[in-house]
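Counting convention: from 1, in listed order, for ligands and their atoms alike.
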Amino acid sequence: MIHRGRPATIDVPDLTLTEYVLGREPTDGDDRVALVDADRTERITYAELGADVAAVAGGLAALGVRPGDVVALISHNQPVYAVAVHGIVAAGAAVTPINPAFTAAEIAKVLRASGASVVIAAVPAAAAVAEAADAAGVAHRFALGEHPGFRPFAELRGCGLAAPRIEVDPATAVAALPFSSGTTGLPKGVRLTHRNLVANLEQNRVGWPVGADEVLPASLPFFHIYGFTIILNTGLAARATVVTLARFALDDYLRMLQEHRATRAFLAPPVVLQLATAPAVDDYDLSSVRLAVCGAAPLDVAVAERAEQRVGWPIRQGYGMTEASPGTHQVAEDEFATTPAGSVGRLLAGTDGRLVDPATGEDAAPGEPGELWVRGPQVMPGYLDDPGATAATLVDGWLRTGDIARVDDDGVFWIVDRLKELIKYKGYQVPPAELEALLLTHPDVLDAAVVGVPHAEGGEAPKAFVVAARPVGAEALMDWVAERVAPYKKVRAVEFVERIPKSPTGKILRRELR
Ligand code: AYL
């Protein structure tokens with residue numbers, strides 16, 4: 001049975017992402033604030049944004065960047081992030097967003113896999129980026145500020161060149177190339193076309209329209225698809241004001257909501273947990289916020305209800321994945337009161353869904369849970385350079401989500417379990433295969449398997465099962481991993497075992513370990 005979104009179809013404007021977000025009309029004369037950081041040290045108006053994006057696109061084109069090229073952007077949230085994203089996209093290139101907490105080795109992997117020809121880095125990440133760019137052979141380096149060995153991004157922004165006239169087909173050209181491990185294995189480049197991203201912005205707008213007078217607090221990172229589409233590009237396309245927070249700390253976040261009079265909130269489950277429990281919540285006036293969305297990992301209903309009581313606004317879920325730009329489900333604003341906090345709402349406009357019995361590959365019986373498959377204009381055409389992973393993930397035009405869902409008679413969905421091996425720590429993707437491969441390079445490790453286990457703050461955290469060649473301490477092993485991965489990927493528990501349970505074909509039996 002195929003479930004349909006509300007409405008079942010949607011018209012997707014035939015525009016590039018930047019044309020859609022910034023408008024085809026010039027923004028000069030629009031002096032309203034597009035972006036400001038929480039401390040009000042950097043502010044960009046819509047007029048400046050339009051002019052700066054054009055200049056950056058012109059500067060990148062002068063450097064030789066052409067449609068089909070990839071530019072890496074490695075930064076925490078700050079107003080200039082939007083100038084970089086749309087400068088890259090307006091040059092016809094794809095932006096590959098990278099977490100600035102990555103180690104040099106992790107950054108180098110993404111630079112190599114994406115084929116980036118230019119990197120743009122925030123200053124705190126610049127040392128690691130320089131090492132990674134050396135290793136990956138990326139010659140063009142810009143810093144969002146000043147850093148030795150990097151040209152200042154201000155040179156591009158102030159170059160005075162006009163945006164190039166580019167020939168890109170929004171339906172096929174890639175605008176963003178985020179990395180995701182999807183349902184299995186190592187992170188892969190997710191090819192999101194202009195049309196995918198424009199479609200998702202349109203789809204979200206149907207049930208969740210943001211007005212030009214709104215203030216959107218951006219505490220979730222723009223390098224993750226949630227921050228990229230649902231906050232940054234949604235806010236700019238609406239001509240609202242986006243307020244950036246460089247890194248999440250509860251007090252800074254609450255102060256931002258209060259001082260900037262934020263109109264809605266974008267949450268992930270660990271933030272909801274803090275809103276439910278931290279005493280600081282009572283010290284701030286949060287009355288400007290009307291409603292909040294939560295996504296990226298399962299939300300505990302009791303925690304959500306406690307948070308709602310304390311903050312005074314309703315919290316309802318959105319759901320999706322990087323491969324779907326990311327939204328596929330959302331509780332529409334006008335259904336907040338009638339949809340329980342545990343539900344992810346309905347399929348978005350123009351999105352189809354099915355529930356498939358993972359054992360048989362047939363549709364699940366009515367009323368029964370099954371693996372959620374989704375289809376719509378926001379779904380990627382495939383991974384970069386990985387036909388095997390693409391074929392395993394996209395089946396007859398359907399995206400297999402690797403999540404188990406159920407749906408009620410009215411078309412309202414619940415995510416009830418995760419089938420895929422992916423671990424989510426604070427909503428961030430931790431691919432077990434990456435930690436397993438790393439552990440196997442440790443001289444004392446013969447075999448290893450990593451699974452997600454419940455974790456108070458993170459929701460879920462990686463635990464390693466290890467077959468040791470000789471006695472080695474759990475703490476020592478965890479420290480060794482911690483030196484080699486971004487903090488959110490840390491292994492947080494170790495258990496030594498005699499052997500790793502595997503199928504006859506050598507596949508790790510994670511369910512048994514869990
Ligand atoms: P990725 N409940 C349970 N699990 C979820 C939820 C949710 N509401 N949202 C995302 N996930 C899990 O690529 C699920 O396993 O994109 C899914 O396959 O980092 C995986 O996270 C995808 O992880 C919004 C607001 C989407 C946020 C998002 C998050 C996208 C995360 C739509 O409106």
Side-chain angles (χ1 to χ4, degrees), residues 97 99 176 178-184 187-190 192 197 200-201 203-208 210 216 218-234 264-272 291-301 303-304 315-333 339-349 351 353 369 371-374 376 378-380 383 393 399-406 412-431 452 459-460 488:
N99 185 335
F179 277 68
S180 165
S181 70
T183 56
T184 175
K188 300 166 274 288
V190 178
L192 296 177
L197 292 158
N200 206 227
L201 292 166
Q203 293 171 313
N204 288 321
R205 207 163 63 96
V206 173
W208 233 70
V210 172
L216 306 191
S219 55
L220 301 175
F222 297 150
F223 59 76
H224 184 248
I225 196 74
Y226 185 177
F228 186 84
T229 296
I230 310 277
I231 309 179
L232 178 63
N233 285 325
T234 295
R264 46 184 92 201
F266 301 86
L267 310 173
V271 183
V272 179
L291 76 182
V293 62
C294 178
L299 179 64
D300 183 304
V301 177
V303 170
I315 300 171
R316 293 292 180 275
Q317 296 189 69
Y319 163 87
M321 58 195 280
T322 308
E323 287 79 350
S325 302
T328 66
H329 292 68
Q330 168 96 50
V331 176
E333 244 184 87
T339 312
S343 157
V344 296
R346 299 175 190 282
L347 286 157
L348 291 179
T351 307
E371 184 186 4
L372 174 63
W373 292 23
V374 293
Q378 74 272 52
V379 172
M380 65 162 185
Y383 292 112
T393 308
L399 170 67
R400 303 177 57 165
T401 65
D403 294 306
I404 303 288
R406 67 182 172 82
V412 175
F413 283 74
W414 278 258
I415 304 297
V416 295
D417 198 3
R418 196 180 302 141
L419 195 62
K420 56 189 167 189
E421 58 187 40
L422 176 68
I423 300 166
K424 282 236 144 171
Y425 180 79
K426 295 195 171 176
Y428 290 105
Q429 291 197 3
V430 184
E460 208 184 15
Y488 72 90

| Judged by atom type as modelled, is there a donor-acceptor pair below 3.5 Å linking the side chain of Thr234 to the main-chain atoms of Thr229? | yes
| query | Is the backbone of Ser181 close enough, under 3.5 Å, to the side chain of Tyr383 for a donor and an acceptor to pair up by distance? | reply | no
| query | Pro270 and Lys426: which non-hydrogen atoms are nearest, and at how many Å? | reply |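 Reported closest heavy-atom pair: CG-CA, 3.4 Å.
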| Within a strict 4.5 Å, meaning less than it, do heavy atoms of the Arg346 and Thr339 side chains meet? | no
| said: Between Lys420 and Asp403, is there a side-chain heavy-atom distance shorter than 4.5 Å? | reply: yes
| task | For the residue pair Phe223 and Tyr428, categorise the inter-ring angle as parallel (less than 30°), tilted (30 to 60°) or perpendicular (more than 60°). | result | parallel
For ligand 1, list every N/O pair with the protein closer than 3.5 Å, one pair per line with the distance.
from	atom 1	to	atom 2	distance (Å)
ligand 1	2 (N)	Ala297	O	3.4
ligand 1	8 (N)	Gln317	OE1	2.9
ligand 1	8 (N)	Gly318	O	2.9
ligand 1	9 (N)	Ala296	N	3.1
ligand 1	13 (O)	Thr322	N	2.8
ligand 1	13 (O)	Thr322	OG1	2.6
ligand 1	13 (O)	Gln429	NE2	3.0
ligand 1	15 (O)	Asp403	OD1	2.7
ligand 1	15 (O)	Asp403	OD2	3.3
ligand 1	15 (O)	Arg418	NE	3.2
ligand 1	18 (O)	Asp403	OD2	2.5
ligand 1	18 (O)	Lys420	NZ	2.6
ligand 1	19 (O)	His224	NE2	2.8
ligand 1	19 (O)	Lys424	NZ	2.8
ligand 1	21 (O)	Ala296	O	3.4
ligand 1	21 (O)	Lys424	NZ	3.1
ligand 1	23 (O)	Lys424	NZ	2.6

